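Accompanying notes for the structure given below.
For ligands, and for the atoms within them, numbers begin at 1 and follow the listed sequence. If you're wondering where the values come from, they're calculated on a predicted model, not measured in any experiment.
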Amino acid sequence: MKFNTKVIHAGVSPDPSTGAVMTPIYQTSTYAQESPGKHKGYEYARTQNPTRSVLEKNLAALENGQRAFCFGSGLAAMDTIMRLLNPGDEVILSNDLYGGSYRQMVKIHARYGLVSHFVDMTDPKNVAERINDQTKLIWIETPTNPMLNVVDIQAISELATNKELLVCVDNTFASPYLQTPLDLGADLVLHSATKYLGGHSDVVLGAVIVKDAAIAEQMGFLQNAVGAIPGPQDCFLVLRGIKTLHVRVDRACKNAKKVAKFLKGHPKVANVYYPGFKDHPHHEVAKKQMRAFGAMVSFDLQKDTFEDAIRVLSATEVFTLAESLGGVESLIGHPASMTHASIPREERLKVGLTDSLIRLSIGIEDVDDLIEDLERALVEL
Ligand SMILES: *Cc1c(COP(=O)(O)O)cnc(C)c1O
C-alpha cells in the first residue's frame, strides 16, 4: 500500500459491532469477561483500548515499523524509551535538542544514573568519537529546532551496526510523510503527535514506533507497566488528523518554500534557515533522506535585537504568536524568549540562535496572505 492510502486505511476497518466506518471512541476503562480470563482480547484499558490499537497499527504502517505504542505526550513517550536503559548507560544526543527532551535528560534521567552527551550530529564523526562500551542509545533529532540543521540518519545508524546500541529518531519535525527513519537504519522513532500527526493544534499525544520484535516486546511491557497512555478521545483526534497528513504537509511545504524565498530577499532580514535552499549546509543530506524540505522556517533580523524581533512578532495578524508547530494555522515564535529562554545567551549565540531569531511554523493558509502579513510586520521596523 502506498503512503497516501496508508494514512487513511492502514489498521482501520469498519467497527465489527456496528459497521461504523470511523473508528469509535471506546470510552471505557474495563471490558466484560464471559468467565475469568475468557474475553475478547481486552481486559483493562491501560493495557488495551480498541481506539488506541487502531492508531498504533496505523502509525506502525506509516513508519514501516513492526509495532507502535502511544503515550499521553511526546515527552511521556521519551520517558518510556529511557526505561529500556539501566543506570550507568550512556546516551548520545543532538546538541540542539527540543528543550523539553534536554530538560528530561539533565533534570530527571541524570538522577537515575543515565549519562548524556550532547554533540553536534551534523558531523557523524562527533558521534563516533563518543561511542564506548557504555553507550546504549543514540538520540537523533532532525531537522533540528529552531536552527533547522539536518542530521544524516543513515550515516549515524551505520555507526551503531553490530553493536548493542539503539538509534532513536525524533521524527516530529519531518513527519513520516517526509522521512521514515526505520528505513534508514534507525531502531526506534518518536513522535510528538501533538504536531504534524494531529495537525490541528487540538490534542497532546506521543508515539514510539519500533522496528525489532524483541524491542517491541519490551516497549509493550513498559507502556503497560509505567502506564503513561493517552485517552481514547485523543487517539481518535490523532487518527482523524493523520487522514489528511499528506495533503496538509504537502501544502505547508509548498507555502514554506515561498515564504523562505520571500524572506531571503528582504532587506530587513539577515539570515534565513531553511534546508530547501541550495546553499543550506545540509541541503544534500536533506534531499537524500526527505521527500520535501519541511514547513519550518527560521530567520533573524539585520538589526539583531530582542526589541525588533518582538515588534515583528506583535505586528503579524495571520501568524499567531504561540509555541508548538505542525498545525493547519501558521504560528510565529521567538525562541530566545520562549522555547529556548532557559539556555544561557552565550550558548544560544554559539549555535546561531541570535536575539532576533524568529521561528515560523508554516500552515496551509493562502501563501499570499502569509507573505503579506510578514511584509507588513517587517515594515514596522
Ligand atoms: C513538542 C516536541 C516534543 C515533545 O512533545 P509533547 O507532545 O509536547 O510532549 C518532542 N520533540 C519535538 C521535536 C517536539 O517538537
What are the atoms of ligand 1, with element, lying closer than 4.0 Å to any heavy atom of Thr194? 7 (O)

Could you establish whether Asn145 and ligand 1 come within less than 4.0 Å of each other, counting only heavy atoms on the residue side? no

Is it true that Gln223 and Glu56 share a donor-acceptor pair across their side chains at a distance under 3.5 Å? yes

Decide whether an N or O pair under 3.5 Å exists between Leu75 and ligand 1. yes

With respect to atom 8 (O) of ligand 1, which of Ser192, Ser94, Gly72, Ala207 exhibits the smallest heavy-atom separation? Ser192

When Thr244 is tested against each of Arg240, Arg248, His246 for side chain to side chain contact (heavy atoms under 4.5 Å, CB included), which residue passes? Arg248

Contact between Thr80 and Val208 at the side-chain level, heavy atoms closer than 4.5 Å - yes or no? no

Do Tyr98 and Ser192 have side-chain heavy atoms sitting under 4.5 Å apart? no

Would you mind checking which non-hydrogen protein atom is closest to atom 4 (C) of ligand 1, with the distance to 0.1 Å? Tyr98 CE2, 3.4 Å

Judged by modelled atom types alone, do Asn171 and Gln179 share a side-chain donor-acceptor pair under 3.5 Å? yes

Does NZ or CZ of Arg291 come closer than 6.0 Å to the centre of the six-membered ring of Tyr177, within 45° of the ring's axis? yes

With sequence neighbours excluded, residues passing side-chain contact (heavy atoms from CB on, under 4.5 Å) with Ser116: Leu93, Met105, Phe118

Can you name the atoms of ligand 1, numbered from 1 with element, that are less than 4.0 Å from a heavy atom of Asp170? 10 (C), 11 (N), 12 (C), 13 (C)

For ligand 1, indicate whether the residue Thr172 contacts it via side chain, backbone, both or neither (heavy-atom separation under 4.0 Å). side chain

Check each atom of ligand 1 against the heavy atoms of Glu141 and keep those under 4.0 Å away; list them by number with element. 13 (C)

Just let me know how Lys195 lines up against ligand 1, side chain, backbone, both or neither, with a heavy-atom cut-off below 4.0 Å. side chain

Taking 4.0 angstrom as the limit and counting only heavy atoms of Gly74, give me the atoms of ligand 1 inside it, by number and element. 5 (O), 6 (P), 7 (O), 9 (O)

